Each structure stands twice: as C-alpha cells, then as structure tokens.
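A short write-up of the structure that comes next.
Only a predicted model underlies this, so the values are computations on that prediction, with no experimental measurement involved. Lettering follows sequence order; numbering is per chain, from 1.
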Amino acid sequence: QDKPKVALVMKSLANEFFRTMEDGAKAHQKAHAAQYTLVANGIKDETDTAAQIKMVEQMMAQKINALVIAPADSKALVPVVKAAIDKGILVVNIDNQFDAAALKEKGIQVPFVGPDNRAGAKLVGDELAKSLKAGDKVGIIEGVSTTFNAQQRTLGYQDAMKAAGATVVGVQSGQWEIDKGNTVAAGMMREHPDLKALLAGNDSMALGAVAAVKAAGKTGKVLVVGYDNIGAIKPMLADGRVLATADQFAAKQAVFGIETALKALAEKKPQSSMPAEVKTDVVLVTKTSAK
Amino acid sequence: MNAGLAVPVLSLSALGKDYAAPVLDDVSLVLNAGEVLALTGENGAGKSTLSKIVCGLVQPTRGQMLLGGVAFQPASRRDAERLGVRMVMQELGLVTTLSVAENLLLDRLPNQTGWIRRGKLHKLAARQLAKIGMEHIDPATPVARLGIGQQQMVEIARNLQDDTRVLVLDEPTAMLTPRETSHLFEQIELLKARGVAIVYVSHRLEELQRIADRVAVLRDGRLVDVRAMAGVREAELVQRMVGRAVHEHEGRDRRVAGPVLLSARGIGRAEAVKDIDIDLHAGEVMGLAGLVGSGRTELVRLLFGADRADRGEILLYDGIAATQPVLRVRKGWRSPMQAIRAGIGLVTEDRKSQGLLLTQSIRVNATLSDLGAISHAGWLQRAKERGIARRLVELLRIRSRSIEQPVATLSGGNQQKVVFARWLHRECKVLLLDEPTRGVDVGARADLYAELDRMTDAGKALLMVSSDLRELMAMCDRIGVMSAGRLVAVFERGHWSEQSLLAAAFSDAAGRTAASATPTAGSAISDSNPGQPATADTP
Amino acid sequence: MTAAAATSAPPSALKGQLGTYVGLTVVLVGMVALFGTLSEYFLTRETFISIANEIPALAVMAVGMTFVLIIAGIDLSVGSVLALSAAVTAAAILQWKLSVPVAAALGLATGLVCGSVTGAVSVAWRLPSFIVSLGMLEAVRGGAYLVTDSRTQYVGDAISGLAAPWVGGISAAFVLAVVLVAAGQLVLTRTVFGRHVVGIGTNEEAMRLAGIDPRPIRILVFAATGLLAGLAGLMQSARLEAADPNAGVGIELQVIAAVVIGGTSLMGGRGSVVNTFFGVLIIAVLEAGLAQVGASEPSKRIITGAVIVVAVIIDTLRQRRADRRLA
Amino acid sequence: MTAAAATSAPPSALKGQLGTYVGLTVVLVGMVALFGTLSEYFLTRETFISIANEIPALAVMAVGMTFVLIIAGIDLSVGSVLALSAAVTAAAILQWKLSVPVAAALGLATGLVCGSVTGAVSVAWRLPSFIVSLGMLEAVRGGAYLVTDSRTQYVGDAISGLAAPWVGGISAAFVLAVVLVAAGQLVLTRTVFGRHVVGIGTNEEAMRLAGIDPRPIRILVFAATGLLAGLAGLMQSARLEAADPNAGVGIELQVIAAVVIGGTSLMGGRGSVVNTFFGVLIIAVLEAGLAQVGASEPSKRIITGAVIVVAVIIDTLRQRRADRRLA
Ligand SMILES: Nc1ncnc2c1ncn2[C@@H]1O[C@H](COP(=O)(O)OP(=O)(O)OP(=O)(O)O)[C@@H](O)[C@H]1O
Ligand SMILES: Nc1ncnc2c1ncn2[C@@H]1O[C@H](COP(=O)(O)OP(=O)(O)OP(=O)(O)O)[C@@H](O)[C@H]1O
Ligand SMILES: [Mg+2]
Ligand SMILES: [Mg+2]
C-alpha cells in the first residue's frame, strides 16, 4: 500500500509564523519520509477565505488521506471541511479553532490542536502589568479586526489590563503590518501624551510601534509588547525596547497536527472518534527567558 | 433665386458668439428652400462656428434664429436633427471600432426590442453608400480600415437623410478628389430639387462657382458680403475675404531641378503600395495625384518611415554629385526617427490624430519637431521658444489669441498651419506634404506656397500629395499619378492637362496597360526600370 | 484592428472570431499539460469539476468588468461590493429573519445600488471612475464591516443551493456564469446597447454628436457590474455558507487581469466577453494547478506574475500576426 | 484645458498656477480644522512633524507615478518593488555583510532594474503597462519573500540615518522628498524630457511622427519610478529599522489615489507633481487624523472613501470654474 498523503493548508505563507510552521512540517516529513508524503500550501492573503476553500478542493482532487488545516475563517471553512470528511479524509484543525456551533450544525467533529491565543495574550499582558500602575493609559494595536486570532489576542490583553486596573484608551487595527502599526501607534501617542504602553497583536506591529516610540522620542517611556516571537524581535527584547512577547512554537504546531492525523490513520480511527482538543503550549518570552 | 415670396427656410438675425473674444458678431442671413448658399472666408473667420450654431452644437451668445418662421433654439445636435437641420462637420467624428453600417445609422440602429437586425442594417447602409458612389465598400468594414478620404465620404453619407430641410456641409471636399466630389455634387443637386436648403463651406472657390446660387463672405466674424454667385469673379471674392490681393501661381515656369536627393526603388507594402520607383530632386516640387484610396498617403508614409515597407529600398544622396547614394536602406526606414535624422519631414494629412497635441498650446506644437533648437543641456529656453513660436504664428498668419492658446480651440485651417509650422521650425532636406492645404484659405494658401517656393529655392526637394488638381498643377514641376497602389504615370510640367491627369487616375490595375501605352507626355512610367538607382528622369 | 474583429464581426466572420481564441487556448492547453505532467491527479474529473465550481464568482464579475473597461472605465470596488452584498444577505437571513429568496434579492439590490452610485457619481461630476470606485472600495468595505460587525456570519446551508453540485457535479452557479458570459457576448455584439457601449469607449464625443447620450449608458454599465458583483457575493456565500467581511479583498486586480488577458483594452473601445472567460479560466487553472503541486509561496507569486505577462504576450503576438495577414 | 495651465504655463502665469492649488488647499485646511476640533492634540507641532516624517515614502513614489500616469501608463508594482528593495538592502547588510552605503545602492539598483523591466517589457511587446506591472506586482513580491525568507529582517539603526530627526525634528527623508517633488515639477515643465513625456501622453503617434521615439522615454519613466520605489523602500526601512516582506502591500492604490487627487489624468497628457504632493498630504493627514481620534475600523474606511471622492470633486469643480473663466 502507498504511503498516506497529508495536506497541510495554512494561512498566509508570507507571514513568518506560518513560514516557520511550514518549515517545521517539512523537516518532520523529511525525518519521517518513509511514513507519509506532504503537500503544503498557504494562501496569498491571510483573510482570503475563498482562496483557501479552493485550496482544500484542489487537495481533495489530489486524493489526500488527511488534511491538517489552519482555517482563515473559523466558520466559512466548515462546509468544505465537511465535504472532505464525507470523502473519507481525516481532518485536523490547527492554529485557529473552528466555530463549535458551525461544526455542530454540520454534524461533524474536528480535533483541534493548537494554542489558546487569548490565554497567551493574557500572559503577555500580565507581564506588562508588572510595570504599570492602576490608572495608567495603554493602547491596543489589533491585527486584522475581522480575524479570530486578532479578536482573541485583544480580549486577552483586555483581560490582563482590566485585572491590572489600567485604562485601555483605544483599540485600533494595524492590519498585522509593520507600517500600519507604526501609523496607528504614532496617532495614539499624539492623542494621549501620557500613554504608558502599547500592546501589539503581533510582533510586526510591535516593530512598527517601537519605531513610532523612537520617532516620538519616548523610548523607555512607552512600553511595547508583541506576540509570536519572530526573529526580528529578539534584539528588541534584549535591549528592552520590547518588553515581552509570546511564543506559540509555530514550528511544532503543524507537526502536532500531522502526528495526530498520522496516528489516527495508522489506527484506522474514523473522524468521529478522534480526540476533541489538544491544547499546545504558549509561553511568555522576555529579556530573561529569551536565549 | 427662386425663393421670391415663400418664407425662408432659415433666417438668422444678429447672431453673435463670444469665447474669450467675440468670434462671430451681428450675422443676419436668410436661407431659402432649394438653394445652395456658399459660405466662405479666411481661416478663423467663423464659418464653422456659425455652422455649429445652426446645428445646435454651439449656443450663440446673441441673436435669434427662425426655422420656417418659427423660433429655433436647438439645445443639441439631436434637437436640430429632429427638426431636419443636419451638418457634415469639418472634423471627422466617426467611431473607428464600429462598422461603416453602424456608423451610418448610429443613432437609429434598426432593432427589435434592442436586438440589432443586421440584415436590415446592412441593406440600409448599402443604400446610403450607393447614394455617394461607395457601393464597393462592404458595410461591415470597420471604419478604422478606411482611409481618411473614405471616412469623409461615410460622414457625408450619414447626413444624407430624407427628412432634411437644412444641410450644412463644412468643407466636405477638403479630402476628396474629383470623382468623389462629383458624386457629392450630384447628391446636392438632388437635394436642391427636393427643396432642401444647403449651406456649403469651402475654400475651393472653383467649386463654389459650380454649385452655389449665392455666396456669403465672413471676415473676422462679420458678414461682409452676400450676393448672387452668377457673374462673381474669383479675384473679387478673394479680395472680399482676405482684404488684399493674392497673386496667382498658375502660369509659372518649370523650376530648374537639381540632383536627386531621395529615391525609392521598388518600394511596397502589402497591397496598398505596389513596388514604386520615385525620385525627388533638389529644388523642385513633385506632385502626387490620384483618387481617394489610391495609396498616396501610404506611399509618403513609407518614404517617411511612418510605416515599414516590406520590400524595395530607399536611397539618399548628398545633393551635390548624384552618383553614389550616401545612404541605402533596404526595406525602407526602420522608423520616422531614422528618416528625420536623414533630413526628411512629413506633414500628415490627419492633423487631429497624427499631427497635433490637441490639448497643448500652439507654442508646444510648433516647436515639437526640434526641441534641440530651443533647449540647452536638456533645459528648455522658454524665451527663445516663445520667440520662435511668435515668429511662426506671424509668418503663417495663424489666427489665435496668443501662442498659449490650445490648438484644439483653433479653427481647422489654423490647426493645419500649426502642423506646417513645425516643419518650418525644423530644417529638412526633403519635405513630404500630404494634403498640406487641407482646409486652408486662399490667402493663407498663398503664404504657404510662398514658403514652399522659398524652400525649393534653398535646394530642398518637395513631394506634395493633394486632392486638389488645380493646386498641383499650379505648384508642381512634375506630377505623378497613383492608381490602386501603383504609380501609373509621371507628367512633366507643360505636358499635362486636367483630363490627362484624371484619365491616369481612373486607370486602375486592370487599365494599367492602357495608361502605359499612352503615357501622354509622362516621361517615365515608374516601373520601367526597377531596381536601378540611376536618375532615370532628370530633365 | 482586431478590436473590430473581436467586437463587431458579423456572424459570417465566425471563423475569424474563432481565430481570436487561438492564442488563449494555446496558453490554457499548455498550462493544463504542464500541470498534468507535474501532478498525477491533475488530469482528473475532480480537478476539472472543482475548477468549474470555483470560477463562477470571478467569471460573473469579469463579465461586468469587460463592459466597464470597454467604456474606458474601471471599477475597483467589485471586491468590496461582493462582501457587502453577501453581508446584507446574511444579515437579512440571520437578523431580520427574512426568507432566503428575499434576502438574496436584497443582496443583489445592494450590489445594484453600489454600482449605480459609482456610475452616477462619476457621470454627474465627470470624475474618472478609477477614483470614484477607489473611494467606493474603501467605503463599501467599511459598510461590510458594519453590517457583519466585523465577524464572519455563519448562515448554514440555507443558501448553499446555488453552489450545490448538480448534473455531473457541476453547480448551478457555474451554469449561470456560463449563461451570463454568453448573454454578455450577445449583448455586446448584437444589441443597440452593446454597440453604444463600444462606441462610447472608442469616441465618446462622436457618440454625443451623433445624438446618443453617453451618461445613462455609463451609469447602466456600472450598475450592471455592481449587480454582478452582488451576484458573485451570493455565489461566494453559498459556497462558504457564510458571509465573510473580508471576502474579495484585492479581487479587483484579479478580475481586471482576467479581462485584460482576454484582450480587452484598458483604453476602451475593444473587448470580448468570451475572451474574458478564457482569461478567467487561465487564472483559475493556474491557481488550482499551483495549489495541487504545492508550490512554495515565492514561486507561486513569481510563476503567477510570469504567466499573466506571458499569456498577454502570446495573445498579442498572435493578434498582430492575424492583423498583418489581413492588411 | 487646465492641462496646459498645470503642465506648461510660463512663469508669467504663476498666478494662474497658484490658482490650481486652491481647491486642494481648501480640502487640506478643512481636514486639518476638522481634526483640530475633534482632538485637542491634533494642532500640535508633534502631529505635523510626525506626519512630515511619515510621508516621504508615499511622496517619492507619487512623484514617479505622476510621470507614469502622464504617459498614460500605470505602475501597480511599486509596493512590491518597495519591499524587494528594502529586502535586498537588509540582506546586503545582514547576510552579505556589506557596508550600509553599498547596501543602499544595491537596494536602489534593485528598484531601478524592476522599473526598467516593467518599462522594457511593455515597450518591447507593446503591452499595456497595467498588465505588465500587475505581473511584476506578483513576481517581485515573490522575490521579496525569497530574499527575506518570508521573515521580517531587523536591521537596526545602521540604516536609520535617513529617517533620523534633523533640524526641528524634520527628517532628511522629508527634505529629500520635497526636493524630489520640486525637481520632478521642474523636469516636467522645464525640460525637453518633460515636454516629451507630456507629448507622449497626449498623442503618441503625433510624437513619433514628429521624430521623437517614445520607447526610450517610456522605459525611462518606468525605470525612474522603480528607482523611486526603491528609494521609498530605503526610507521605509530606515524609519522602521526593519525590512518587512509584506511592506507596501496595496500601497499602489494609495499612490495612484494621491496622484489622481492632485488632478493628474489617468488618460495621460496632463498632470503636475506639485499637485500630487497635495494629494499625498491629504492622504497622510487623513490617515494620521483618523488614527489620532481613534476612529473605528468601519468608520475609517467609510470616511477615507468619502474624502477621496469629495477631494476630487472639489478640485474638479474649481478647475472647471477656472476653465470657464479662461474660455
Ligand atoms: N472652443 C473655442 N474656444 C476658444 N476659441 C474658439 C473655440 N472654437 C473656435 N474658436 C475661435 O473662433 C474663431 C472662429 O473659428 P471657426 O472654426 O469658426 O473658423 P472657420 O471660419 O471655420 O475657419 P477654418 O476655415 O479654418 O475652418 C477662431 O479664431 C477660433 O480660434
Ligand atoms: N489599415 C488599413 N487596412 C486595410 N486597408 C487600408 C488600411 N489603410 C488604408 N488602407 C487602404 O489602402 C489604400 C490606400 O489608402 P491611402 O490612405 O494611402 O490612400 P490615399 O490615396 O492617400 O487616399 P486618401 O485620400 O484616402 O488618403 C486604400 O484603399 C485604403 O482603403
Ligand atoms: Mg472651419
Ligand atoms: Mg491620403
């Protein structure tokens, strides 16, 4: 019998997080080349749900045995995933959890392997809170507001700030981008000259915020935190321009998903009897914890 | 004439139009059923403006109009057409991507609930085309495939409608040769007989004699004369129009031709130009006659490199000892740039789409072909540029508010002068002129001819395409005649007559043998010795 | 002069017209063959059915865009309109509890209104449609965020009918798209309206002088394009069973690329809806093929860019050769 | 015929030329006043300095795009070129260990090459620049992913010099942008090259028959635009101290919007670099103002869309009134 064929469908591969995820998966496949073959794909634009659906359909045409997917949208991908399951493909959900109600309506069950973004953001927020006093003003730079992860991270930040008694003076979208993040950060600092911290939904926007803080001559006065622990953030952590970020172990995310799928394939388990949820780690990264 | 008692079809009283300055003032005129009123005057006198007012394209600033005794204030061309007032405009307004048939019936395409009935469309169009002797054109041909002369005919055909009461023709024959002109005149006679009132604008005074009942002369926007045509002498008209005497060129001697400057051997492109040999000599003007679509424009475009030839060669001589060519280009020039560098210039027939930057000023347009002369290290020398532009405007009497006026707002004849001015600004050894006097008035034409004389005196070679045989006969030392893409005859000055030129022009490919059998006095039939770079027909 | 060939050839010139498809067919067949060798499963029924079911939204928008480009306009707002129409449909079903047909009609009406606004504003103030539709791109996207509260609205299979497989796995949406392509081509070449559209794109002034008011025609073209973008929104939400506020971001460039690959000029006056459909197919096959092969993101981008340009080059060269033969 | 007024009026017409800025100035002042009332901190030195330091990248790309639109072309690839140039500079510093000036030169050269390719391909096969630059948009973005390995490259303050505050908090980049705007305007109105550019955009065939080869000029315009996009890439990475492979996604529409708001026609033949700069200011003030007052995402979109259209309407109406006075 042929080796099983696993498809990994991610969000934008132009995003460092998913690139790392892809690299991890490819390395894993190389190490286990005898056990399975891998087709990895990502969409061009992180929010282009329709493109991701097309990708899943093309994977079905490729007669894959298992699908590991980081859905661009937690609801809109459900119908196509149902179609895949109906064809006998095992589906594992990573990174961004499918909407429970939508899954239920379709009468399917998809195991989720991934981190809890809200909890991760809360970790980062709590770390920041140590440097804040009650009543301090902070701003949140959100990713693309319509995405689940962006919303979860914002919620996590808000949880932490509420607990610390800090005032969130604004939530604005930096579209996950360094330049947009920069513009928004600059605007918030102008409007609130006494702003104490900026909480960015990802590290790219945190980089933009750092540049804005520098341009405003407030380095050290306005604290910045990010999320994802990308390579470019490391020197910033080291010199304190970024206080903290979160690491979701991108490289392992897909691997966990693939292993879950391979295991079920090996055991010939049907979709319905796969585990419901496997939460993966999110850890706080600070100057001290970063190597 | 015969309008005696009846109410005039159209009467204008005290019409006026201002742009930045008044261009038309206090024009009062009546137009009777079944008459042709010639409207003439210098370039920029206001003829087109007046015509456009009548047809609803321009709103007058002052004055009234009555159509059949009723107040007439068309707000648009459509308004006027609904009341039977139509116009053939000076500038072509066809939709080049649509077919001839679709253009002819653009605003009333035969249809059934929106779906075009092609059969009927083509039948109606064919009937319309037949009226002006264009039955050989397939109504399904896209207009872009037609030469500009044929386009003009389509434009005319479009306006030959049964319900017309007033028809304004604004220089309809500027691009037409005698054959097409006579078709048009037949139609005009028919319309006249039906009682249509016709306004006929033209700079070709001999036509006016043939077709008009009365003549009106505009000068600087004012009506200076209206009289019966019968018995009016041309010189008188010119005097009224221009306000000065214009001297005739007709009976001149042949210029002394110098050595050959440019010759083409077996030059050709597809079916449009078929293996033509031609020599242009320093100090003389060669003419090119032929019917619309005979390939004259195509030929000069090849000589200029505007199109690429697919066979033959072009030879360029230094103009001193015409034995060895200094340049020999197979299959013609690669581009106009190459030709211009070699000292060749072209005044195009289609000023609007190939000659002018319409939205730009006279200054920009006039100096375009030689910016090197008005720049230093890439920077424009504005004072120098303005000086040159002003000089050219004066020299050619281009009627304008200032050199900054956009050429789009100049009158047709003045636009033509701007195109010509460009090649006065840039020195060239060989100048190709394609319908250079299209729409240019008598006075200005004389100025232009004087410039051409100055050029030949300076040893330049000129090739002039014109649909106006009189003009060719007045200006040229030799006249070549083209028919169906071939140069069928070349006549020396003194050996031609209107009849012989026309006869050659009508001899198409089939009748070519006849033409070459009787080359009247034409010395060299072009393809008699192909491929030989000698000066076969030096005088 | 192929313009004329493509847009106004009489039925008798059918052979010549088929000729205009050769260039694009070559590109298409070449791509299919290439992917066929690269992936063992590419040349299967599943692949073709899935491609067929993926293209309707792109195809119907491209039909409208063809008309827009022919009148020398451009409509950058189609992606946003798609999203807003889908959002309105979803809101009508989920929040206002309307029946599916009524909700769908509301979605289509939304598209129609958006398109009409673009057209009317650009006609009323004589503004370039580029800038008006760019403004609409932003504003309508904002509207889609408002209506959905920036969250994907899950509708469920109430509206999935349009995308459901029909005879032989083909969806109703695909059939509808093909019908609209055919209808578009007929309207363009055989109706008074179509001829006026071509005329306005070639020489608006001449049309006005001939007594044809270009303004209602312009508005109508934009309105129809809006309506078709609305339809694309329905088609997409039928597939997603959800309305995504970010649906169709950036799709305007894809739509325009399809139309231009199909030989329609951005300068107006020439174009063919059938050729546009070829452009849509080329884009869809490319996307599907690259996904099946699992190309890396950078190579996907580079290949896509190259194919777009090469397709147009091949088509242009073929057209020029044909022109030369004619001349 | 403001074309003539804006592009080629002699110095004597300076008053008329100032007049052409009135419409845009009104929009700009109106916006500043509005944001001033909405936010107590908007009318401060900090705001203006930070806006001044945010615009150089947009401004220099807009200078190039003005020329591109005047020759009736379009360049959609500027955003990708920006990213690739920044990526190459970063790679040169970080991986190839080159000195900063050499790395910067390499980045600029990258932009120049990209622009030249766009120009040369569209000239060689006579393709619409829309489609060629769309292909480049994809392919060059792919290149940026390759060079950066799809990861944001942190460069550090080695390259921050260009963006560092100078006299009065203004950066060298801003000064450079203003100088380039002025130079662009002079080149457009006072040089042979500028005359050729305007002529080609007005009537290319007439230019060819007047002996001016449009091809090298077209290529040069695209090459210069590429170079300027490369410079924008340097400016952006100097400001952010990092090279982001996704930098400048979608910025082409913003650049074109700035140019069109400045009254340059998409149909070619008319335009003014100085007016483009007004367009850039309007867009920058709008973005900064909306961020400062903390508008919600949907309202940001809706307001941005509306402002773009209204700015063009106001400017157009003013121009028409001026034209009527002239006529
Ligand atoms: N739109 C306009 N704006 C300003 N001036 C104009 C405009 N249209 C025409 N003119 C001016 O009006 C005058 C009359 O022009 P008109 O076209 O009526 O002349 P014409 O007698 O037809 O000349 P021609 O014999 O050259 O065709 C010219 O000086 C022309 O420059
Ligand atoms: N693009 C084209 N495709 C096909 N035939 C053409 C094309 N252009 C011109 N022709 C044909 O070539 C022939 C020569 O046209 P050309 O314009 O050179 O003639 P001409 O003697 O200058 O007459 P005109 O007065 O029309 O300018 C005509 O029959 C014309 O219809
Ligand atoms: Mg006139
Ligand atoms: Mg001719």
The interface call for B/Met87 against chain C, heavy-atom contacts under 4.5 Å, is neither
Honestly, the part of B/Leu109 sitting under 4.5 Å from a heavy atom of chain C is both
[X] with [Y]: basic N within carboxylate O range, under 4.0 Å:
X	Y	answer
B/Asp275	B/Arg311	yes
B/Arg269	B/Asp310	no
B/Glu81	B/Arg78	no

Checking C/Val197, C/Ile70, C/Thr66 against C/Val221 for side chain to side chain contact (heavy atoms under 4.5 Å, CB included), the one that qualifies is C/Val197
The interface call for C/Ile200 against chain B, heavy-atom contacts under 4.5 Å, is neither
